[in-house]
Amino acid sequence: QVQLVESGGGTVQAGGSLRLSCERSGGTLFNYGLGWFRQAPGKEREFVAGNSWGGGRTHYAGAVKGRFTFSANTENTVYLQMNNLKPEDTAVYYCAARFKSCSSYNYGCYADSAQYGNWGQGTQVTVSS
């Protein structure tokens with residue numbers, strides 16, 4: 001069974017950095033891209049960043065733009081570099097595979113969690129003030 005496994009979470013002080021990894025294991029998984037989402041206690045899951053394979057656009061949520069960077073080593077492993085972390089970034093971070101093709105400028109498509117599957121188990125990020 002194909003799995004996406006996140007790692008790299010932890011506890012840092014405000015202003016610090018973390019790099020999350022998402023690695024695919026267990027076989028091939030056709031998808032149009034991978035996405036990072038997060039869920040804070042008592043809040044709904046929200047989009048953080050997502051890409052498209054083959055040179056497509058990478059989108060970021062406004063709250064993280066300029067601080068977080070999505071990158072891919074291969075289609076098996078993607079990263080989320082998080083700099084200048086803030087307490088409001090505290091959440092469980094998940095990666096997932098997108099099974100819908102989105103046009104490059106359609107942010108709403110990238111950010112729609114319903115277009116994703118094979119969710120990982122999540123990794124906790126805690127930012128202290």
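Please read these numbers as outputs of a predicted model, since none were measured by experiment.
A distance of 10.5 Å separates CZ in R57 from OG in S52, rounded to the nearest 0.5 Å. In this structure, OG1 in T123 is found 10.5 Å from OH in Y93, a value given to the nearest 0.5 Å. Here C22 contributes atom SG and W36 contributes atom CH2; the two are 5.0 Å apart, rounded to the nearest 0.5 Å. Atom CD of residue Q115 and atom CZ of residue F99 lie 11.0 Å apart, to the nearest 0.5 angstrom. S101 OG to N106 CG: the interatomic distance, rounded to the nearest 0.5 Å, is 10.0 Å. Expressed to the nearest 0.5 Å, how far CD of E6 lies from CD of Q124 amounts to 12.0 Å.
A donor-acceptor contact shorter than 3.5 Å is absent between the side chain of D112 and the backbone of C109. Formation of a donor-acceptor pair under 3.5 Å by the Q13 side chain with backbone atoms of S128 is not found in this model. The backbone N or O of S104 sits less than 3.5 Å from a side-chain atom of H59, completing a donor-acceptor pair. Between the side chain of N51 and the backbone N or O of L34, at least one donor-acceptor pair lies under 3.5 Å.
The cluster map of Ile, Leu, Val, Met, Phe, Trp and Tyr, joined by side-chain heavy atoms under 4.5 Å apart, puts V125 and L4 in the same cluster. In the hydrophobic cluster analysis, where Ile, Leu, Val, Met, Phe, Trp and Tyr join through side-chain heavy atoms closer than 4.5 angstrom, L20 is grouped together with Y60. Hydrophobic clustering, with ILVMFWY side chains joined whenever heavy atoms are under 4.5 angstrom apart, groups V48 together with L18. Under a hydrophobic-cluster definition in which Ile, Leu, Val, Met, Phe, Trp and Tyr are linked whenever side-chain heavy atoms come within less than 4.5 Å, directly or via other members, F68 and V12 are assigned to the same cluster. Linking Ile, Leu, Val, Met, Phe, Trp and Tyr whenever their side-chain heavy atoms come within less than 4.5 Å leaves L29 and Y116 in two separate clusters.
Contact detail for V127 and T90: the closest heavy-atom pair is N-OG1, 2.9 Å. Nearest approach of A14 to S129, heavy atoms of both residues: CB-CA, 4.4 Å.
In this structure the side chain of V2 reaches within 4.5 angstrom of the side chain of N118, judged on heavy atoms. At a threshold of 4.5 Å between non-hydrogen side-chain atoms, the residues W119 and S113 count as touching. Counting heavy atoms from C-beta on, the side chains of S7 and E23 never come closer than 4.5 Å.
Geometric assessment of R98 against the ring of W53 yields a negative cation-pi assignment under the 6.0 Å and 45° thresholds.
Between F30 and Y32, the two ring planes are perpendicular [angle over 60°; tilted spans 30° to 60°].
Side-chain contact annotation: R67 with N84, donor-acceptor N/O pair under 3.5 Å absent. Between the side chains of T58 and Y110, no donor-acceptor pair of N or O atoms lies under 3.5 Å.
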Checklist entry - Given T77 and R24, is the side-chain contact (heavy atoms from CB on, under 4.5 Å) satisfied, shown in steps? => result CA-CA 6 Å; T77 306; R24 186 187 74 205; over 6 Å; no
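Taking the salt bridge (charged side-chain N to carboxylate O under 4.0 Å, His left out) definition, one finds that E46 meets it with R38, sequence neighbours left out.
For F47 and F37, the ring centers sit closer than 6.0 Å to each other.
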